[in-house]
Number of protein chains: 2
Amino acid sequence: MERIERIAQLYPVLMRVMGRIRSTVHDGMDLSYNQYKMLLTIYDKGNCPLNVLAGELNIAMSSASEMVDRLVNLSLVYRAVDDANRRRVVIHTTAAGEELIREIRRGIVSNYGILLGRLPDEDQERLVNALETITEILDKL
Amino acid sequence: MERIERIAQLYPVLMRVMGRIRSTVHDGMDLSYNQYKMLLTIYDKGNCPLNVLAGELNIAMSSASEMVDRLVNLSLVYRAVDDANRRRVVIHTTAAGEELIREIRRGIVSNYGILLGRLPDEDQERLVNALETITEILDKL
DNA sequence: CGGCAATAGTTAGGTTGCCTAAATATTAGA
DNA sequence: TCTAATATTTAGGCAACCTAACTATTGCCG
């Protein structure tokens, strides 16, 4: 049980540190992190209906719809009724949306570069390995 | 740059997986995660003024005040003017607040136990090490 | 000493992100 | 055919943030 307690102790500390870094890295971007995630999911899933998006992001469909509203208002995305099944609304990224994805992605990678550049090479390597390990293990749960 | 891109790719995936697990583990507790964090901070910092809490949690003082309001409404915490400096409001945990902290902590550790119990011993060990590594490295940033 | 700047909090007003429940539209199936 | 299931939107509500404006107290400089 010793080990479980250690994990229970480390976990929130790490969540907080990671959250702080994520917001540093995302700072100055033209879209909130959640909106970026949504935009990216729409792009990655290739113009998919709302229920798929909601499932993918693990939020209620009404929340997904709301978020799409905001992206539509920003002209990054548009709705289109699926003719094959007129109940379905398929969300498409606009050219501006795709351009913004590329821009933000560049910005994020660049910010990671600046931030992580402060670490010695060896730490960077250890970091990659540890991130991979945790992702692999937690994915089993 | 290869490595930076790998990190930029892994990072959000891990954030998501970790967030999902955190909410699983916290599920059913009588306080939201943020309120629990606030309550715990008040307790750990030993009855401290609002500005310290806001700094510790990295939120605006008005947000901290709001959150304290909610905890006061739940009778987990109370405000008291500091006589040494009457501008300051010191937040104290009530007996009920401290009892709730213990209860939630037990619940969380128990949930981690149930969840992580599904992992082979070796993975648990690797997980602890990886969590420690990441925390240590990211703390340098 | 007197008054102004700094410090500490609260209040007001706004946004995002999330939820449930109710309303609407479309389709599938018994 | 008409009811049940599916897909979405709308309405209403809450938590957690923020900035700006306001109040109260204190410290300090001239």
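Only this structure's heavy atoms are used, side chains among them; waters, hydrogens and symmetry mates stay out. We name chains A, B, ... by the order of the sequence lines, and we start the count at 1 in each one.
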Exercise. Would you say the side chain of A/L127 lies within less than 4.5 Å of the side chain of B/L138, judging by non-hydrogen atoms?
Worked result: yes
Exercise. Hey, does B/I108 have a side-chain heavy atom less than 4.5 Å from the side chain of B/V25?
Worked result: yes
Exercise. Should the ring pair A/H92 and A/Y78 be called parallel, tilted or perpendicular, given that the plane angle runs from 0 to 90° and is split at 30 and 60?
Worked result: parallel
Exercise. So, does A/S63 use its side chain to make a donor-acceptor pair with the main chain of A/I59 at under 3.5 Å?
Worked result: no
For this session: With the side chain counted from C-beta on, respond yes when A/I91 and A/K45 share a heavy-atom pair under 4.5 Å apart, and no when they do not.
Result: no
Seminar exercise, completed: Heavy-atom contacts, protein to nucleotides 4-17 of chain D, under 4.0 Å, summarised as B (base), S (sugar-phosphate only) or - (none) per nt, yield -BBSBBB----SBB
Exercise. A/V109 and B/A8: which non-hydrogen atoms are nearest, and at how many Å?
Worked result: CG2-CB, 4.0 Å
Problem set entry | Atom OH of A/Y43: over 12 foreign heavy atoms under 6.0 Å | no
Problem set entry | For chain B, the stretch of DNA chain C it reaches, first to last nucleotide, under 4.0 Å of its heavy atoms | C/dA6 to C/dT11
